[in-house]
Amino acid sequence: MADSMKGLKRTHYCGDVTETGQEVVVGGFVDRIRNKGGVIFIVLRDRTGIVQLLFNDKSDPEIFEKASSCRGEYVLMAKGKVVERESKNYKIKTGLVEIFVDDLRILAKAQTPPFEIVSDSNVNEELRLKYRYLDLRREPLQKNIIMRHEIAKVTREYFYENGFLEIETPMMMKSTPEGARDYLVPSRVHQGKFYALPQSPQIYKQLLMISGYDRYIQLARCFRDEDLRADRQPEFTQIDLEMSFVDAEDIQECVEGFVQRVFKEVIGVEIPTPLPRLTFADAMNRYGTDKPDTRFGFEIQDISGIVKNTDFVVFRNALNEGGSVRAINVKDGAGTYTRKEIDKLIEHAKGIGAKGLAYIRWADEPNCSFKKFLKDGELETICNAVGAEKGDLILICADKNKTVLSTLGAIRLICGKRLNVIPEDKYNFLWITEMPFFEYDEESGTWVAAHHPFTMPMEECLEYLDTDPANVRAKAWDLVLNGTELSSGSMRITDFELQQKMFTALGMTDEEIKAKFGFLVDAYRYGAPPHGGMGIGLDRLAMIMCKADSLRDVTAFPKVQNASELMSECPSTVDEENLSVLGIKVDIQED
RNA sequence: GGCCUGGUAGUUCAGUUGGUUAGAACGCUGCCCUGUCACGGCAGAGGUCGAGAGUUCGAGUCUCUUCCAGGUCGCCA
C-alpha cells in the first residue's frame with residue numbers, strides 16, 4: 001500500500017526552492033538517487049525543475065530506510081527544512097540548497113520505465129510515442145508544451161485587447177467535397193448521412209461577419225484526412241480570425257502586430273514591422289517555392305538566354321519545348337563536394353521529377369559535367385552570369401518551368417541545410433502576395449480554384465476571368481516564416497453577382513452551388529460588410545518558436561505518419577452492434 | 001501509391017570476407033560506501049539479431065517477401 005498524503009499540503013514547486021531556513025513541502029517524481037551508504041540524496045522533479053532531498057541515517061532511521069527503498073520515477077511527497085548545501089552545485093537553480101527531510105511519503109511506486117527519463121534522450125521516437133505519458137515527463141517536451149500554452153495565452157490577450165470576440169463554431173458540420181478529404185462522423189438519427197469535422201471554420205466565420213460580429217477569433221481545432229509530414233498533423237489548431245470593414249492591408253497590419261507581440265513576450269525576440277513582401281510570381285522565380293526560406297542565398301537564376309546557343313541538347317530541348325534553363329550557385333564550399341555527394345543531389349532531383357541536373361563544380365578549376373558540348377568561352381560566360389567563383393557549385397536544371405523551379409527550390413534547401421548556412425536564431429517573416437486564383441489541374445486538364453471559391457480576385461484581374469485564367473490573381477496572401485507556411489488569408493467575395501460569376505468560372509452548375517453552399521449564398525443576399533481573414537497555424541508557430549523539427553514535439557499526443565496514435569492504437573475497429581445502430585456495414589476492398 | 005533511410009540486450013550502438021559461446025556503454029538487481037550531484041567500487045541478471053521464406057556444411061551478415069517507424073514526392077480548395 002502506498003502512503004497517503006494526509007496532513008501534508010504542497011507549499012512549493014521543486015524549481016522554486018531556493019531560500020534557506022523555511023519549512024517546505026514538495027511533491028514530484030524521483031529523478032535520481034545517489035546513495036552514499038550513510039547519507040542518501042534523492043533528486044525530486046516536477047514541471048518547474050529539480051530539488052535535492054537529503055536523508056541522514058543518524059537523524060531518523062525509519063525515514064532513512066524508506067528513502068533507501070525508493071527507485072526511479074517513484075512519486076514522493078517530502079516535508080523538511082531548506083538548508084544550505086555543504087558543497088554547492090552552481091549549474092542548477094536550486095543547487096545551493098537542499099531539503100533536510102523529516103517526513104517522507106511514497107505516494108506511488110513505479111516500474112522501471114522502458115527508457116530513461118532524461119533531457120538529452122535520443123531514444124527511438126516510436127518507443128517514446130508508445131509511452132507518450134513518460135516522454136512528456138522529459139524536460140524538453142515539458143518546455144515545449146508550456147511554451148505552447150504561453151503562445152496561446154498571448155494570442156488570446158492580443159486579440160481580445162484589439163476588440164475580437166472569441167466565438168465557438170461547430171465541430172460537426174456539412175461535408176464539402178472540395179479540397180482536403182474530410183473526416184466523417186456518421187449520424188445515428190439520420191442513417192446513411194454524415195457530418196464532417198471542420199477542415200477550417202471558414203464558412204462559419206464568414207457567416208459571423210454577415211451576422212455583424214465584426215471581429216472574430218477562435219483557437220480552432222481543424223481536421224484534414226491527408227497524409228502527414230513533419231509539419232502536418234491530421235488534427236491541428238488554427239488561430240482563426242475574420243474582420244469586417246477592412247481590406248487586405250488592415251488584416252496584415254493586425255497580424256503583424258500579433259507576431260511582434262507573441263515573439264516579444266514569449267521568447268523576447270523583436271520582429272521589425274512592416275514585414276517584407278514578395279509576390280507569388282517573384283517567390284517562385286527566385287526560390288522555386290511559395291514558402292521561401294530567406295535566411296540564406298543560393299537564389300535561382302534564369303540562364304536560358306545565355307545557354308540558348310550551346311550545343312547541349314538537354315538545354316536546347318527544354319527551351320524548344322517552352323521550358324527554361326535555370327541555375328543555383330551554391331557557395332560556402334560546395335565546390336569541393338565529391339562526385340558521390342553531387343550524385344546524391346541529382347538522385348534527389350530525379351525523385352522530385354527532374355530528368356537530372358547539370359553541374360559546374362569549381363574546386364580548383366571549373367569542372368563541368370557538359371563541357372564537351374560547350375564552345376570556347378561558354379563555360380566562363382555561364383560562370384560569370386551566375387556570379388561563380390572558386391569554391392562554388394553551380395547546379396543547372398533544364399525542363400518545364402514548373403519542374404525546374406520546384407527542383408531547384410528543393411535542392412537549394414537541401415544544400416543550405418547540408419552546408420549549415422541557415423542561421424538558427426533568425427526569424428524571417430515574409431508575406432507572399434498576389435497568389436494565383438486558378439491552378440491548372442493536369443489530371444482533368446481544367447483550371448480549378450486555388451483557394452476556396454469565396455476568395456476575392458484582384459479587381460484589375462477580373463477582365464481575364466474568362467479569357468486568361470493563368471493571369472488572374474487573388475486577393476489572397478500567405479505568411480511564411482523561415483520556409484514554413486504559417487498562415488493563409490484572403491478577402492472574401494461579398495458581392496452576390498460577382499460570386500455567381502466566380503462559380504460559373506469554376507464550372508459549377510446552379511444545382512451544385514445550391515447543394516454545396518446554398519445557405520451561404522443565400523446569406524450573402526442579406527447584406528455583408530466587406531470582410532476577410534486569416535488562419536494562423538498555432539502548431540507550426542509553436543514548432544518554430546520552440547526550435548522543434550516536428551509538430552510532434554509541440555503536440556502533447558500526436559499522430560504518426562499513417563495518422564494512427566501509437567499509444568492508444570487508434571483508430572480501431574468498432575463492434576458490429578455499434579455499427580448497426582449507425583446503419584453502417586464495413587466492406588474493406590482488398591487490393 | 002512512388003522514392004530514400006532505419007529496425008541487434010530495457011535503451012543507445014558496435015559486430016570484419018558468411019565461420020567458435022553475439023559485445024560495449026547506460027539502465028536494472030544485490031552488496032559496500034556520511035557530501036554526492038551524469039557519484040564511486042564489486043558482483044550479477046538480461047538477446048527468437050523486427051517477422052517469414054530462400055541460398056549455404058554454416059546467416060546478425062547474402063537474396064526475396066512482409067511488418068513497423070521516419071523523411072520526402074503525389075496529396076494538403
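In what follows, chains are A, B, ... by sequence order, proteins preceding strands, each numbered from 1.
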Would you measure the distance from the [atom1] atom in [N] across to the matching atom in [M] and give it in whole Å?
N: B:rC3; M: B:rC64; atom1: P; result: 14 Å
N: B:rU21; M: B:rU5; atom1: P; result: 34 Å
N: B:rU20; M: B:rC4; atom1: C1'; result: 38 Å
N: B:rA69; M: B:rC75; atom1: P; result: 24 Å
N: B:rU56; M: B:rG18; atom1: C1'; result: 9 Å
N: B:rU17; M: B:rU55; atom1: P; result: 25 Å
N: B:rU11; M: B:rA53; atom1: C1'; result: 31 Å
N: B:rC67; M: B:rG58; atom1: C1'; result: 28 Å

Judged by atom type as modelled, is there a donor-acceptor pair below 3.5 Å linking the side chain of A:Gln142 to the main-chain atoms of A:Leu136?
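Yes; at least one donor-acceptor contact below 3.5 Å.
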If only atom types and distance count, is the side chain of A:Asp182 paired as donor or acceptor with the main-chain N or O of A:Leu184 below 3.5 Å?
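It does not hold such a pair.
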Within the structure shown, what part of the strands sits under 4.0 Å from [X] by heavy-atom distance: base, sugar-phosphate, or nothing?
X: A:Leu129; value: nothing
X: A:Glu98; value: base
X: A:Lys88; value: base

Within 45 degrees of the axis of the six-membered ring of A:Phe296 and under 6.0 Å from its centre: does A:Arg412 put its NZ or CZ there?
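The answer is yes; both the distance and angle limits are met.
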Do any N or O atoms of the protein come closer than 3.5 Å to N or O atoms of nucleotides 43-48 of chain B, and which pairs are they?
none

Going by the rule side-chain contact (heavy atoms from CB on, under 4.5 Å), which residues pair with A:Ser406 if we only count those two or more places apart in sequence or in a different chain?
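A:Ile352.
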Contacts of A:Glu565 that satisfy side chain to side chain donor-acceptor pair (under 3.5 Å) - sequence neighbours left out:
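Partners of A:Glu565 under the side chain to side chain donor-acceptor pair (under 3.5 Å) test: A:Ser568.
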Checking only heavy atoms, does the side chain of A:Gln52 share a donor-acceptor pair with the base of B:rU36 at less than 3.5 Å?
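Yes.
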Can you say whether a donor on the side chain of A:Arg181 sits under 3.5 Å from an acceptor on the base of B:rC76, or the other way round?
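Counting by modelled atom types and ignoring angles, no donor-acceptor contact under 3.5 Å is found here.
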Rounded to the nearest angstrom, tell me the gap between atom CG in A:Leu53 and atom C1' in B:rG35.
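Taking CG of A:Leu53 and C1' of B:rG35, I get 15 Å after rounding.
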For B:rA38, does either OP1 or OP2 sit under 4.0 Å from a side-chain N or O belonging to A:Lys91?
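For B:rA38, OP1/OP2 do have a side-chain N/O of A:Lys91 under 4.0 Å.
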Please state whether the phosphate of B:rU29, meaning OP1 or OP2, lies under 4.0 angstrom from any side-chain nitrogen or oxygen of A:Arg71.
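For B:rU29, OP1 or OP2 has a side-chain N or O of A:Arg71 closer than 4.0 Å.
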Protein-proximity profile, nucleotides 5-11 of chain B, B/S/- by nucleotide at the 4.0 Å heavy-atom cutoff, equals -----SS
Contact list for RNA chain B against residues 29-43 of chain A - heavy-atom distance below 4.0 Å
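Here the set is A:Arg32, A:Arg34, A:Asn35, A:Lys36, A:Gly37, A:Gly38, A:Val39, A:Phe41.
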Extract from the structure each pairing of a protein N or O with an N or O of nucleotides 71-74 of chain B at less than 3.5 Å, listing the distance.
unit_1 : atom_1 : unit_2   : atom_2 : d
B:rG71 : OP1    : A:Arg552 : NH1    : 3.2
B:rG71 : OP1    : A:Arg552 : NH2    : 3.1
B:rG71 : N7     : A:Gln561 : NE2    : 3.4
B:rU72 : OP2    : A:Ala230 : N      : 3.3
B:rU72 : O4     : A:Gln561 : NE2    : 2.8
B:rC73 : OP2    : A:Arg229 : NE     : 3.2
B:rG74 : N7     : A:Arg229 : NH2    : 2.9
B:rG74 : O6     : A:Asp227 : OD2    : 3.4
B:rG74 : O6     : A:Arg229 : NH1    : 3.1
B:rG74 : O6     : A:Arg229 : NH2    : 3.3
B:rG74 : N1     : A:Asp227 : OD2    : 2.7

